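Step one of this worksheet: look at the structure below.
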Amino acid sequence: MSRFFFIFMTFVISTVAYGQKPKDVKLSEPDKTGGKPIMQALADRHSDREFDSKELSVQDISDLLWAANGINRPDGRRTAPSALNKQDVDIYVLTKDGAYLYDASTHTLKGVAVGDHRGLISGRPSNTPSATPPVGLVLVSDLSKFGANVADRAFQMGALDAGIVSQNINLFCAGKGFSTVPRMSMDNDGLKKTLNLKESQIPMLNNPVGYPKK
Ligand SMILES: Cc1cc2nc3c(=O)[nH]c(=O)nc-3n(C[C@H](O)[C@H](O)[C@H](O)COP(=O)(O)O)c2cc1C
């Protein structure tokens, strides 16, 4: 095989892989029962940066995403409040198989990019296997949803809205026995490219989620 042909094939294969999307995943109905009482979840809430390698089930992921920012009323409003009810925060889900966008209206994971992109939120260069969570949630605010009238405060509103979604995740994890930590450290440029974000979509925070390390 000529060197030119080898380079050409490498280019073709990597281009095809880059553009590939994983299949959409229809999540099961969220289980809105169970977990600890709210005061006990608050008492147990803490940041945890190490995770067991045990995978979350589809039901776990369904419950987690609904708690984070799912629809909880017939008019389409969410478990997390948002400034002006603009619902600007999207949750991207990173697993070992791919990156997905949580579509709250259909309670579905929409495939965005194949491959394991969890390294984009791994935090520290000295990342250890126990620091790699089964699931990484990236909270992305689309500032364009706020419109021109409040453009001077759009970033503030987007950051606050993401913080509230993150706290829903923190409390869900405390209440259901999962580990998590809210983090600002992440590879923003890498995420924008991999998740195909618009200029107005800003990754604000991420929450890795997994079972506690044994
Ligand atoms: C906005 C925000 C950004 C944070 N960013 C990071 C981060 O990049 N890396 C990290 O390890 N922890 C991060 N944390 C977690 C804090 O370090 C942690 O909440 C704090 O040390 C208090 O510990 P506790 O959560 O157990 O109460 C962040 C927390 C918040 C609220």
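These figures come from a predicted structure and were not determined experimentally. Whatever order the structure lists them in is the order used to number ligands and atoms, beginning at 1. Computed over heavy atoms, backbone and side chain alike; hydrogens, waters and symmetry mates excluded.
- Taking CG of Asp63 as the start and CG of Leu56 as the end, the distance is 10.0 Å to the nearest 0.5 Å.
- Using a 4.0 Å cut-off between charged side-chain N and carboxylate O, Asp75 and Arg77 make a salt bridge.
- With values rounded to the nearest 0.5 angstrom, Leu139 atom CG is found 11.5 Å from Tyr92 atom OH.
- A salt bridge links Asp116 with Arg118: at least one charged nitrogen is closer than 4.0 Å to a carboxylate oxygen.
- Hydrophobic clustering (side-chain heavy atoms under 4.5 Å, transitive across Ile, Leu, Val, Met, Phe, Trp, Tyr) keeps Val93 apart from Leu101.
- Close approach of ligand 1 to Ser185 is summarised as follows: ligand atoms under 4.0 Å from at least one heavy atom of the residue are 7 (C), 8 (O), 9 (N).
- Geometrically, ligand 1 and Ser47 share a nitrogen or oxygen pair separated by less than 3.5 Å.
- The shortest N/O to N/O separation between Arg49 and ligand 1 falls below 3.5 Å.
- In terms of N/O distances under 3.5 Å, ligand 1 is approached by Met184.
- Under a 4.0 Å heavy-atom criterion, Met186 is not in contact with ligand 1.
- Comparing Met204, Gln167, Arg183, His46 by heavy-atom distance to atom 7 (C) of ligand 1, the nearest is Arg183.
- Remark: aromatic rings of Tyr211 and Phe178 are close, center separation under 6.0 Å.
- Inclusion of Pro182 in the set of residues having an N or O under 3.5 Å from an N or O of ligand 1 is warranted.
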